[in-house]
Amino acid sequence: MPDFALNQDTELLRLIATDDPQEAEALFAAARQQREIYYGQQVYFRGLVEFTNYCKNDCYYCGIRCSNNQVKRYRLSLEQILESCRVGDMLGFKTFVLQGGEDPWFTDQRIIEMVEAIRKEYPDHAITLSIGERNRESYEAFFQAGANRYLLRHETANEAHYQKMHPASMSLTERKQCLYTLKDIGYQVGAGFMVGTPFQTPENLLEDLRFLQTLEPHMVGIGPFIPQADTPFGDYPGGTLELTLKMIALTRLLLPKALIPATTALGTISPLGREKGLMAGANVVMPNLSPKEVRKLYALYDNKICTGDEAAECRFCMEGRIRNFGFVPNMSRGDVAGWDRSA
Ligand code: 5AD
Ligand code: FES
């Protein structure tokens, strides 16, 4: 097994830039070996509920940005959200991920109500929120209400690059601060970035990795940028499978304990993308539990897979796909290695 000198920026940059497939394969093999130390062949399942596609933000890459008037907007009712969780629970999920745009209708009070209702029905499930930037008091209140985890991708760790992807009202400093606050409160925290966004350089990706080493998040979401036609970035090329896989592998090598999803975006750019993600060191999949009627409306990018399938179809499809590659589906909560629930 080759040793990679990942503490050296030059070596990391070289690996990010290499197009040598043999070298990439060596990286994937090393990443798999790291993953096995803490997680063996286990692949953890999370049930994703996309509960609102309203968003007050206007990120240049995202299909549900507020300026996109081609989107049919929806919000699930509390009852619909609970019903999605019930379907998930019946399918064996022990983790629900509640994701949405930054929707002002979902005030702190309404989020608290949602979390409390889910917590009441499912005292032992993990509840993950992914609803963007809020202030410390809000994050604390959601935690008190029973949320355990929070996903908030940093998108890019480079300030200048961040500004090229977002309107002036958004700031990377603010976003990073949210991540540190969430960690401080006691959430298991997920950061992450897109690969191949417009204007991204290898140096930016290096910065993403170094930022992750500093933050030490428990989860890292990495997916290719995929253009959405009705956005300012609609005509830019998307991120490649090869580079995304390398970034997953490097993240695994630098953060051996991290929970890293093989993302839907990865499965969208290549038929076996998610499987290849697992082979590059990922260890989580997030099948969709949202009601079938709204699936297509949560279109962050074009050609998203699994939008026509029932929750049960995705659940069992993923199980089969995982087993085909020698992995073991794991339906438990899947806390990060070493996490003490009683602490
Ligand atoms: N392509 C790929 N991923 C995207 N996201 C948003 N828009 C796109 C796109 N066009 C990702 C962002 C966000 C996550 C929920 O989806 O990284 O944090
Ligand atoms: Fe959704 Fe295969 S995972 S249909």
Side-chain angles (χ1 to χ4, degrees), residues 46 48-68 70-71 97-103 128-134 149-158 161-162 164-167 170 172 174-176 178-179 182 189-200 204-205 208 211-212 217 219-241 243-245 247-248 251 260-270 273-274 277 284 286 288 290 295-307:
R46 324 288 200 204
L48 181 65
V49 181
E50 298 157 334
F51 67 94
T52 172
N53 73 350
Y54 283 84
C55 192
K56 66 174 162 64
N57 287 341
D58 217 9
C59 310
Y60 302 151
Y61 46 86
C62 183
I64 64 168
R65 64 199 299 269
C66 64
S67 297
N68 186 1
Q70 301 297 103
V71 184
V97 180
L98 284 302
Q99 186 174 88
E102 293 199 10
D103 179 355
T128 306
L129 291 176
S130 178
I131 54 171
E133 298 178 21
R134 302 228 177 178
R149 304 179 185 162
Y150 206 103
L151 306 180
L152 183 73
R153 290 190 181 175
H154 62 279
E155 313 297 1
T156 173
N158 178 271
H161 187 219
Y162 192 91
K164 289 185 183 149
M165 292 163 62
H166 301 93
M170 292 180 72
L172 178 61
E174 187 57 42
R175 202 153 184 97
K176 286 183 174 172
C178 285
L179 284 162
L182 288 160
V189 171
F193 56 96
M194 287 176 284
V195 175
T197 41
F199 318 115
Q200 187 177 64
N204 293 157
L205 289 169
D208 284 314
F211 169 65
L212 291 174
M219 301 166 280
V220 185
I222 301 169
F225 161 68
I226 304 175
Q228 201 291 325
D230 305 311
T231 63
F233 286 174
D235 290 329
Y236 283 89
T240 65
L241 175 69
L243 185 53
T244 308
L245 295 175
M247 294 312 297
I248 290 175
T251 301
I260 304 177
T263 55
T264 306
L266 197 52
T268 296
I269 61 165
S270 170
R274 285 170 298 181
V284 169
M286 298 173 67
N288 204 318
S290 312
R295 292 276 183 97
K296 277 194 173 37
L297 303 178
Y298 201 81
L300 309 181
Y301 47 81
D302 289 332
N303 307 314
K304 189 174 166 198
I305 54 168
C306 298
T307 54

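Owing to the predicted nature of the structure, the values given are computational and were not obtained by experimental measurement. Read the numbers this way: they start at 1 and go in the same order the structure lists the ligands and their atoms. Start at 1 with the first residue, then count along the sequence.
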Next item on the list: Classify the angle between the aromatic ring planes of Tyr236 and Phe233 as parallel (below 30°), tilted (30 to 60°) or perpendicular (above 60°).
Entry: perpendicular

Margin query: Under a 3.5 Å distance rule, please check whether Thr240 uses its side chain to pair with a backbone N or O of Leu243 as donor and acceptor.
Written below: yes

Checklist line | Check: Gln228 side chain, Ala299 main-chain N or O, donor-acceptor pair, under 3.5 Å | finding: no

Just jot down the salt bridge (charged side-chain N to carboxylate O under 4.0 Å, His left out) partners of [X], sequence neighbours excluded, or say none.
X	answer
Asp58	Arg65
Arg153	none
Lys296	none

Ligand 1: which protein N/O atoms lie under 3.5 Å from its N/O atoms?
unit_1	atom_1	unit_2	atom_2	d
ligand 1	1 (N)	Ile226	N	3.0
ligand 1	1 (N)	Ile226	O	3.3
ligand 1	10 (N)	Tyr61	O	2.9
ligand 1	10 (N)	Ile226	O	2.7
ligand 1	10 (N)	Leu300	O	3.4
ligand 1	17 (O)	Arg153	NH1	2.9
ligand 1	17 (O)	Glu155	OE1	2.6
ligand 1	17 (O)	Glu155	OE2	3.4
ligand 1	18 (O)	Glu155	OE2	2.5

